[in-house]
Amino acid sequence: MTKDEAPAPEERRRPAIGRQVRHWRGERGLTLAVVAERSGLNVGYLSQIENDKASPSLACLASIGDALEVPIAWFLIDEVPAPQVVRAGERAVTKGPGLTRVERVDGGTSRDLSIVEATLPPGERTGAHTHAGDEHHLIVSGRWRLTQGEHVVEAGPGDYIRWDGTIPHDAEVMGDEPGTILIVSHRADR
C-alpha cells in the first residue's frame, strides 16, 4: 500500500461506539426502552449498536446523543489514556531568576503548558525577565509587587494576574514573609 492509498475496509479498525453508548446510558441510569423512546429508535437496534453488531448513521448517533444528553463525539472516544499524576515529592526543583526557588508542579508532563510554583524570600525580586506567550499568576502566599513597564500591581493570596510574558517583567516579595506564586505559561521548549 502506498502512502496515498486508503487502507482496505477490512484493515480499518471500527470505533467501538457500542461500548460508549452503553457507558453513557449506564451513567444516566437509563434503560434501553427509555433511550428508544427518547431517540425514536427501536430497542433491538439500540441493543445491536451497544453490542457493536450494527453501525449507526450519524443521524442515529445524533438521536442517541440527544436522548443521553451527550455530544456524539463522546461515542467515538475509543481509548482514554490514564491521567498523569506528579506527586509533590517527585517535582523537579531548580533555581530561577534572583533567589527564586522554582518547582515544576506539572513535572514537565504537559504538552503545551508550563505550571510552576515559585517561592522567593522576603524582600527578594526575580529581576527583569521574559517568557513566550501569556503568563498567568495566582498568589499562593505572601504579598507581591509585580511590575511590567510602567504598570505596578500589589497582590496577595488568592489574587490572579495575567500579562504578556514577552514584555520584560519583575516580581518582588514585600514584607517579612516568603512569597509563593503559581505560574501557568506557554511551554516554550515544545
Side-chain angles (χ1 to χ4, degrees), residues 1-92 103-118 131-141 155 157-165 180-190:
M1 177 171 56
T2 67
K3 66 179 182 177
D4 296 328
E5 293 177 342
E10 62 274 4
E11 294 175 8
R12 282 184 250 158
R13 192 172 65 78
R14 286 184 22 203
I17 291 170
R19 183 169 39 111
Q20 290 297 332
V21 171
R22 188 177 326 105
H23 168 80
W24 291 109
R25 182 175 61 79
E27 283 285 316
R28 302 294 189 254
L30 301 175
T31 64
L32 279 172
V34 170
V35 175
E37 181 181 320
R38 288 182 179 182
S39 67
L41 302 171
N42 71 50
V43 173
Y45 182 54
L46 287 170
S47 178
Q48 288 179 337
I49 292 170
E50 284 193 0
N51 289 298
D52 287 319
K53 294 186 188 312
S55 294
S57 67
L58 288 175
C60 287
L61 282 179
S63 295
I64 296 167
D66 289 345
L68 297 175
E69 297 179 345
V70 300
I72 64 172
W74 289 11
F75 299 141
L76 302 175
I77 297 171
D78 199 12
E79 294 181 19
V80 179
Q84 294 180 322
V85 178
V86 178
R87 304 287 179 202
E90 299 169 350
R91 296 179 186 156
E103 190 170 328
R104 291 292 308 255
V105 174
D106 64 5
T109 62
S110 178
R111 293 180 291 206
D112 55 356
L113 295 175
S114 172
I115 305 172
V116 299
E117 184 178 85
H131 308 279
D134 282 353
E135 195 174 76
H136 305 263
H137 306 81
L138 179 66
I139 307 296
V140 177
S141 66
D159 291 343
Y160 164 82
I161 302 96
R162 184 201 57 82
W163 58 32
D164 181 342
T180 300
I181 189 169
L182 188 69
I183 305 168
V184 179
S185 61
H186 171 73
R187 181 142 187 200
D189 62 343
R190 296 263 166 124

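Numbers for residues simply follow the sequence, beginning at 1.
- Remark: the backbone N or O of Ile161 is paired with a side-chain donor or acceptor of His137 at under 3.5 angstrom.
- Pairs of residues two or more places apart, or lying in two chains, never qualify as salt bridge (Lys or Arg N to Asp or Glu O under 4.0 Å) while including a residue from residues 27-40.
- Ser185 and Glu135 get closest at one heavy-atom pair: CB-CG, 4.1 Å.
- From Ser141, atom OG reaches atom CG of Leu182 across 11.0 Å, with rounding to the nearest 0.5 Å.
- Summarising the geometry, atom CG belonging to Leu68 is positioned 5.0 Å from atom CZ belonging to Phe75; distances are rounded to the nearest 0.5 Å.
- The structure places CG of Asn42 at 10.0 Å from OG of Ser47, a figure rounded to the nearest 0.5 Å.
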Test side chain to side chain contact (heavy atoms under 4.5 Å, CB included) on Ile139 and Ile181 and set out the steps. CA-CA 5 Å; Ile139 307 296; Ile181 189 169; 3.5 Å; yes
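- Panel note: side chain Glu103, backbone Arg91; no donor-acceptor pair is recorded below 3.5 Å.
- Between Arg87 and Val85, some side-chain heavy-atom pair lies under the 4.5 Å cut-off.
- With hydrogens and angles disregarded, no donor-acceptor distance shorter than 3.5 Å links the side chain of Arg104 to the backbone of Ala92.
- To the nearest 0.5 Å, atom CH2 of residue Trp74 and atom CD of residue Gln20 are 10.0 Å apart.
- Residues Ser57 and Tyr45 come closest through the heavy atom pair N-OH, 4.3 Å.
- Nearest heavy atom pair, residue Ile17 against residue Pro56, reads CG2-CG, 4.5 Å.
- With Ser39 as the fixed residue, the side-chain contact (heavy atoms from CB on, under 4.5 Å) test singles out one of Asp66, Leu46, Val34: Leu46.
- Not one N or O on the side chain of Asn51 forms a donor-acceptor pair closer than 3.5 Å with the backbone of Lys53.
- Checked by atom type and distance alone, the side chain of Asp106 pairs as donor or acceptor with a backbone atom of Ile115 at under 3.5 Å.
- In terms of heavy-atom proximity, Ile72 sits nearest to Gly65 at CG2-CA, 4.5 Å.
- Between the side chain of Arg25 and the main chain of Leu30, a donor-acceptor pair closer than 3.5 Å is present.
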